[in-house]
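Report on the structure given below.
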Amino acid sequence: MNRTKIILDEKDIPTQWYNIMADMPTLPKPPLHPATHKPVGPDDLAAIFPMALIEQEVTQERWIKIPDEVLDVYALWRPTPLYRAHRLEKALATPAKIYYKYEGVSPAGSHKTNTSIPQAFYNKQAGIRRIATETGAGQWGAAMSLAGAFFGLEVTVYMVKVSYNQKPYRRISMETWGASVHSSPSNLTNSGRAILEKDPDSPGSLGIAISEAVEDAATHSDTNYALGSVLNHVLLHQTVIGLELKKQLEIAGDYPDIIIASCGGGSNLGGVSFPFLYDKIHGKNVRVIAVEPQSCPTLTKGEFRYDFGDTAGLTPLLMMYTLGHDFVPPGIHAGGLRYHADSSLVSQLTHDGLIEARAYHQTEVFSAALLFSKSEGIIPAPESSHAIKCAIDEALLAKEEGKERTIVFNLSGHGYLDLAAYADFLDGKISDCAYPADKIKEALSRLPVID
Ligand SMILES: *Cc1c(COP(=O)(O)O)cnc(C)c1O
């Protein structure tokens with residue numbers, strides 16, 4: 001049957017996360033202490049993370065049990081639906097089959113709840129009272145605020161200034177779930193004040209907001225830090241997406257030729273693709289494509305080396321593709337993709353040729369989002385629309401080549417709180433930012449040298 005929607009039962013929610021560190025051909029180099037440049041130990045991280053998450057950060061166990069308390073919350077919206085994009089296929093007149101896994105059904109509107117829920121659970125279990133975190137477009141802040149409400153944790157969010165001003169409804173959602181939200185750079189931390197002194201009009205960046213949140217957590221004993229992407233345990237939690245997708249495609253009688261996801265720090269990409277990369281590592285033919293903005297082209301134009309995760313240099317050094325920790329990307333509308341680097345796992349897998357990367361400009365991405373909305377109904381998040389643009393291009397290529405092909409992309413979130421960006425696009429007010437080559441070159445020249 002030519003199904004449109006494949007929905008699993010509550011009993012089909014995965015009960016274990018998949019850890020790709022059990023199978024990847026080369027493990028990422030270890031994180032290094034920001035001052036000594038020696039590998040960090042669990043004790044270095046214990047000031048800001050609970051031990052359960054530190055263990056998940058380093059373990060090479062293939063399967064990690066999902067706690068029942070987490071499954072109970074996942075069940076509010078998981079399993080998420082898989083759709084066959086029949087109408088989009090028709091609009092493109094392509095012989096390719098296009099599927100999308102829809103993570104926008106979570107109450108916070110994106111895939112980020114897949115990790116905010118377990119992070120809140122493990123912190124609560126460890127006796128933590130408050131979480132300090134950062135947010136770009138507001139998706140992670142919303143997911144963490146929701147998780148804080150479920151598990152009785154206070155949440156303080158440092159929100160990148162450009163998004164704080166562009167996306168007031170995300171801030172209001174966070175506040176509705178009980179969080180306190182500050183525009184970053186703020187006057188509340190040394191890191192924030194240092195930036196404001198140099199540039200009072202700084203639009204902010206994820207790197208700056210991370211410095212503020214880490215500083216807040218490190219200087220309060222009852223407070224931990226939580227990160228919405230990049231780290232190994234975050235990508236681990238996101239594998240519920242790919243594990244469900246595998247079952248759904250089995251029901252549809254299909255297997256993907258190409259899996260596509262937008263890539264900011266790499267968490268929805270890792271989540272949707274790692275269970276399939278297991279197959280690829282074991283000989284199966286499947287391509288994985290990471291899609292990023294031309295204005296923040298980490299995988300396509302960055303360097304693979306050690307860098308800080310934040311602007312102030314408070315976090316451990318991670319081995320990853322980076323544009324430089326103090327590079328401030330232009331204020332594009334896909335705020336969730338404005339991170340200067342990528343997850344170590346995704347970086348290593350890209351370096352080893354298991355993941356491909358591609359970059360697009362924001363106007364072509366919005367055009368793709370419009371075609372998708374008119375065909376499939378859902379208005380996608382600007383971040384997710386990068387994956388849509390790539391899926392459309394691949395479907396058109398299949399048409400040109402006269403080949404059938406199964407293309408699956410992750411629709412990481414909805415765009416109903418991003419409508420101001422759509423208004424700007426419809427009014428012709430969105431333009432493409434040129435690739436900031438000089439600024440990136442400068443930022444890369446300031447990277448720490450590791451011998
Ligand atoms: C945060 C976000 C992204 C980018 O983050 P990743 O960690 O790369 O997944 C993509 N899409 C949406 C909807 C987001 O909220």
Side-chain angles (χ1 to χ4, degrees), residues 80 100-116 119 133-146 157 159-160 163 167 170 173-174 206 209-210 226-242 259-274 288-293 296-299 309 320-321 329 332-347 349-350 355 357 359-360 365 369 372 378-390 409-418 421:
T80 62
Y100 56 97
K101 176 81 167 151
Y102 186 39
E103 290 294 311
V105 292
S106 92
S110 80
H111 66 288
K112 292 207 169 71
T113 42
N114 296 331
T115 184
S116 68
Q119 289 195 48
T133 193
E134 75 293 326
T135 195
Q139 303 266 28
W140 168 243
M144 197 62 235
S145 303
L146 176 72
V157 183
M159 183 170 187
V160 176
S163 296
K167 315 206 172 204
R170 285 259 159 64
S173 310
M174 293 183 247
L206 270 176
I210 293 173
L227 187 58
S229 185
V230 177
L231 296 179
N232 301 349
H233 67 264
V234 176
L235 276 68
L236 173 80
H237 300 155
Q238 292 296 350
T239 58
V240 289
I241 305 173
I259 297 180
I260 301 167
S262 60
C263 185
S267 75
N268 89 92
L269 171 77
V272 72
S273 70
F274 284 179
V288 174
I289 307 180
V291 193
E292 54 188 24
C296 192
T298 49
L299 291 171
M320 54 192 178
Y321 280 96
I332 55 164
H333 282 280
L337 305 183
R338 287 178 73 239
Y339 185 58
H340 68 271
D342 289 286
S343 125
S344 280
L345 292 175
V346 165
S347 295
L349 291 161
T350 304
I355 297 176
Y360 288 113
V365 165
F372 178 82
I378 297 167
I379 298 179
E383 291 83 2
S384 319
S385 305
H386 287 70
I388 296 175
K389 166 65 180 157
C390 181
F409 69 88
N410 192 41
L411 188 56
S412 50
H414 69 64
Y416 297 107
L417 297 183
D418 303 294

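As the structure lists them, so they are numbered: ligands from 1, and atoms in each ligand from 1.
Only the side chain of Leu337 comes within 4.0 Å of ligand 1, counting heavy atoms alone; its backbone N, CA, C and O stay farther away. When heavy-atom distances to ligand 1 are checked against a 4.0 Å cut-off, Cys263 comes that close only through its backbone atoms N, CA, C and O. Counting heavy atoms closer than 4.0 Å to ligand 1, residue His111 contributes side-chain atoms (C-beta onward) but none from N, CA, C or O.
Considering backbone and side-chain N/O of Ser384, none are found under 3.5 Å from N/O of ligand 1. Distances between N or O atoms of Gly266 and those of ligand 1 include at least one value under 3.5 Å.
Ranking the protein heavy atoms by distance from atom 2 (C) of ligand 1 puts Lys112 NZ, 2.3 Å first. Residue, atom and distance of the protein heavy atom nearest to atom 4 (C) of ligand 1 are Gly336 O, 3.5 Å.
Residue-ligand proximity, Ser229 to ligand 1, at heavy-atom distances under 4.0 Å covers atoms 6 (P), 7 (O). The ligand atoms of ligand 1 that sit less than 4.0 angstrom from a heavy atom of Gly413 are 13 (C). Distances below 4.0 Å separate heavy atoms of Ser262 from the following atoms of ligand 1: 10 (C), 11 (N). Ligand 1 places these atoms under 4.0 Å from at least one heavy atom of Gly264: 4 (C), 6 (P), 8 (O). Close approach to Gln139 involves these atoms of ligand 1, each under 4.0 Å from a residue heavy atom: 13 (C), 15 (O).
The closest donor-acceptor contact from the side chain of Thr133 to the backbone of Ala226 lies under 3.5 Å. At least one donor-acceptor pair under 3.5 Å links the side chain of Gln238 to the backbone N or O of His111. A distance-only check finds a donor-acceptor pair linking the side chain of Tyr339 to the backbone of Gly309 [under 3.5 Å].
In this pair, Tyr100 and Phe409 present their aromatic rings parallel. The plane angle is below 30°, not in the 30 to 60° band. Ring geometry for His414 versus Tyr416: interplanar angle of 30 to 60°, hence tilted.
Among residues two or more places apart in sequence or in another chain, the side chain to side chain donor-acceptor pair (under 3.5 Å) test is passed with Ser145 by none. The side chain to side chain donor-acceptor pair (under 3.5 Å) check on Asn268 picks up Ser262, Asn410, with sequence neighbours excluded.
Residue His386 comes nearest to Ala334 through the heavy atom pair CE1-CB, 3.7 Å, listed as atom of the first residue, atom of the second, then distance.
When Ser267, Ala142, Gly270 are checked for heavy-atom proximity to atom 6 (P) of ligand 1, Ser267 turns out nearest. Taking each of Gly136, Ser412, Gly415 in turn, the one with a heavy atom nearest to atom 13 (C) of ligand 1 proves to be Ser412.
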Intermediate values then yes/no, side-chain contact (heavy atoms from CB on, under 4.5 Å), Ile379 and Asp418: CA-CA 9 Å; Ile379 298 179; Asp418 303 294; over 6 Å; no

